[in-house]
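This report concerns only the one structure given below.
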Amino acid sequence: MKPFYIYNTLSRSVEELKPLNPPVVTLYSCGPTVYLPQHLGNLRTYISWDFLRRTLELNGYQVRHVINVTDVGHMTSDEDEGEDKIEKTARAEGKSPLEVASFYLAMFQRDLAALNQEQPMVWCRATDHIGDMIVLIERIVAAGMAYVTKSGVYFDVEKYRGARRIGKLSRQSLDEQHAGQRLEHSPDKKSPHDFALWVLNQPHHLMQWDSPWGRGYPGWHIECSAMSMKYLGETLDIHTGGMDHIPIHHENEIAQSESATGRPFARYFVHSAFLVGKSGSKISKSAGKFPLLADVTAAGLDPLAFRLFCFGAKYRSELALADEGLRAAQSNLDYLREFARNLPAEAAAATRDSEFAEEYRERFLEALNNDLNTPQALAIALELVAEAYRRNDRTIWNTLMFFDRVLGIGLEKTRAAGQAAAFPPDIQALIDERAEARKGRNFKRADELRAILEARGYEVKDGKGGAATYLRRDA
RNA sequence: GGCGGCGUACCCAAGUGGCUAAGGGAGAGGUCUGCAAAACCUCCAUUCUCCGGUUCGAAUCCGGACGCCGCCUCCA
């Protein structure tokens, strides 16, 4: 097995991955809050984790991937008070919080499917794991790292600071954080840094559960600790999330998890950079208007063009969303598909590729194993195809299939669709008429028919001696 | 106030001490073609925001300036 290197926020350096129990790798991805559609920035993050997972699988690892969904607990204002964002949407749309969450979760999952994301082993929702969270909070309380007040159960950051280190990830000392400077915090908290494990006495909150401390609901961070440990064990290999989770969410997850178990929580923390707008500013839900996958398809682009667009930049670099960039990705997609469609049967059936392809295969894997350098990997894939055209030797299909295990653009499907070219009768009639016209050198009519076919979503390509191919665009 | 990141051609984007600064898109020219498309070939940054420094050698390291952005409240 070749070494796989990944940037670990814990050490701030690229490290070789050494899973706890190889060949299994446990991977937990911090999921989104489902009260609005997930924008392209959110989707980029999950596609990055899909690249990570597929690369690990390409290396022979068995990945146990869990993605959670936050369907309770986010405040609009203070960390402990105020209205839950899901509840806010629920009130606005006249639905129950669970209906809102289910609706946007389904939309999120549809988007990921359209982007050819592999299904995680487990999708877990916070509201299905309240019991697990309560058990974990009890362990933290028993460890003496939390205290109970009338407004909730809080994690005692000061006490934890004495025992271990906080600021492992953000490299910020507590004094530097100025927590509570911009917002009021609960007077019950011993320190503004303390965060809620369980919130009590918020009668207006719609989602409430019974607990040993009274009726209430869980704090935000506890769900990830509880669910990741439940499905992946007390120490997981890789924990992923957006950059924005480094200073608060993941810091707190580590603190509460390690307080409960006394063991390291995650061996590798991997964080992704943002998709940004044209001014370089972050695309975020709270900013009001934000681009969706539906906008990409409405612009006539394939969802997989967005996937390739993301593949074209490193997960740790900000990526600027630009129309020209998306169109470039669509061109790459068309280029690869075109090759797959027109692949001669004998080239597809070959069990061994031509020798020159071998070097590309190695370079591709090497690029990915170097902290997921997807843009380099993409360049290598495109170069291989160009090289095949140049040599007029297309026996590279096995290598392309190898690439597609991470690229995830479904080239096999494209090729199969190219083989089975059965057209609807009306389309076939137009094709036949066009063949006749060309045969009779009636090019004016032939061009008209080409325009009609193209308008119906077919691609028309003429070859020598009256040959022509017709393809559905979306195949 | 603190912490962090970024600035590579018209656009997106690799490269982080040493072969000619990846790759794609756009653009220009060409081959092929009834035309168009696709594909292929050629061209397209003596230079990496700017100014100093270290070094035999820097886009890459150090210092400074300018510009853009993120986080410290929920956010991928």
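Reminder, nothing fancy here: chain letters follow the sequence lines and each chain counts from 1.
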Worksheet entry | Taking every non-hydrogen atom, the tightest pair across T240(A) and H250(A) |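 Taking every non-hydrogen atom into account, O-CE1, 4.0 Å.
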
Response to the item:
Among A39(B), A13(B), A76(B), the one nearest any side-chain atom of Y46(A) is A76(B)

Discussion item. Nearest to the side chain of L382(A), heavy atoms from C-beta on, is which of G4(B), G24(B), A14(B)?
Written reply: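 Of G4(B), G24(B), A14(B), G24(B) is nearest to the side chain of L382(A).
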
[N]: pairing nucleotide in any strand, Watson-Crick or G-U under 3.5 angstrom:
N: C40(B); value: G30(B)
N: U55(B); value: none
N: U73(B); value: none
N: U16(B); value: none
N: G67(B); value: C6(B)
N: C48(B); value: none

Worksheet item: Quick one: is the NZ or CZ of R361(A) closer than 6.0 Å to the six-membered ring centre of F403(A), and within 45° of its axis?
Response: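 Geometry flag: not set, cation outside 6.0 Å or 45°.
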
Discussion item. Taking the six-membered ring of F103(A) as reference, does the cationic atom of K95(A) (NZ for Lys, CZ for Arg) lie under 6.0 Å from its centre and within 45° of its axis?
Written reply: yes

Could you check how far [atom1] of [X] sits from [atom2] of [N], rounded to whole Å?
X: L449(A); N: G34(B); atom1: CG; atom2: P; answer: 18 Å
X: E454(A); N: C35(B); atom1: CD; atom2: P; answer: 17 Å
X: R337(A); N: A38(B); atom1: CZ; atom2: P; answer: 16 Å
X: Y335(A); N: C40(B); atom1: OH; atom2: P; answer: 4 Å
X: I248(A); N: U73(B); atom1: CD1; atom2: P; answer: 5 Å
X: D323(A); N: C11(B); atom1: CG; atom2: P; answer: 14 Å
X: K282(A); N: G70(B); atom1: NZ; atom2: P; answer: 8 Å
X: N370(A); N: G15(B); atom1: CG; atom2: P; answer: 8 Å

Worksheet item: Considering residues at least two apart in sequence or located in another chain, which fulfil the ring pair (Phe, Tyr, Trp, His ring centres under 6.0 Å) criterion with F51(A)?
Response: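 With neighbours one apart ignored, the set is F311(A).
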
Practice prompt. State which residues pass ring pair (Phe, Tyr, Trp, His ring centres under 6.0 Å) with W209(A); sequence neighbours excluded, sorted by chain then number.
Written response: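 Ring pair (Phe, Tyr, Trp, His ring centres under 6.0 Å) list for W209(A), sorted by chain: empty.
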
Worksheet item: N332(A) side chain N/O closer than 4.0 Å to the phosphate oxygens (OP1, OP2) of G23(B)?
Response: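 It does not, given that no N or O in the side chain of N332(A) lies less than 4.0 Å from OP1 or OP2 of G23(B).
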
Fill in: Any T240(A) side-chain nitrogen or oxygen under 4.0 Å from OP1 or OP2 of A76(B)
no

Worksheet item: On RNA chain B, nearest-nucleotide positions of Q376(A) versus W49(A): which is more 5'?
Response: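 By nearest-heavy-atom nucleotide position, the 5'-most residue is Q376(A).
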
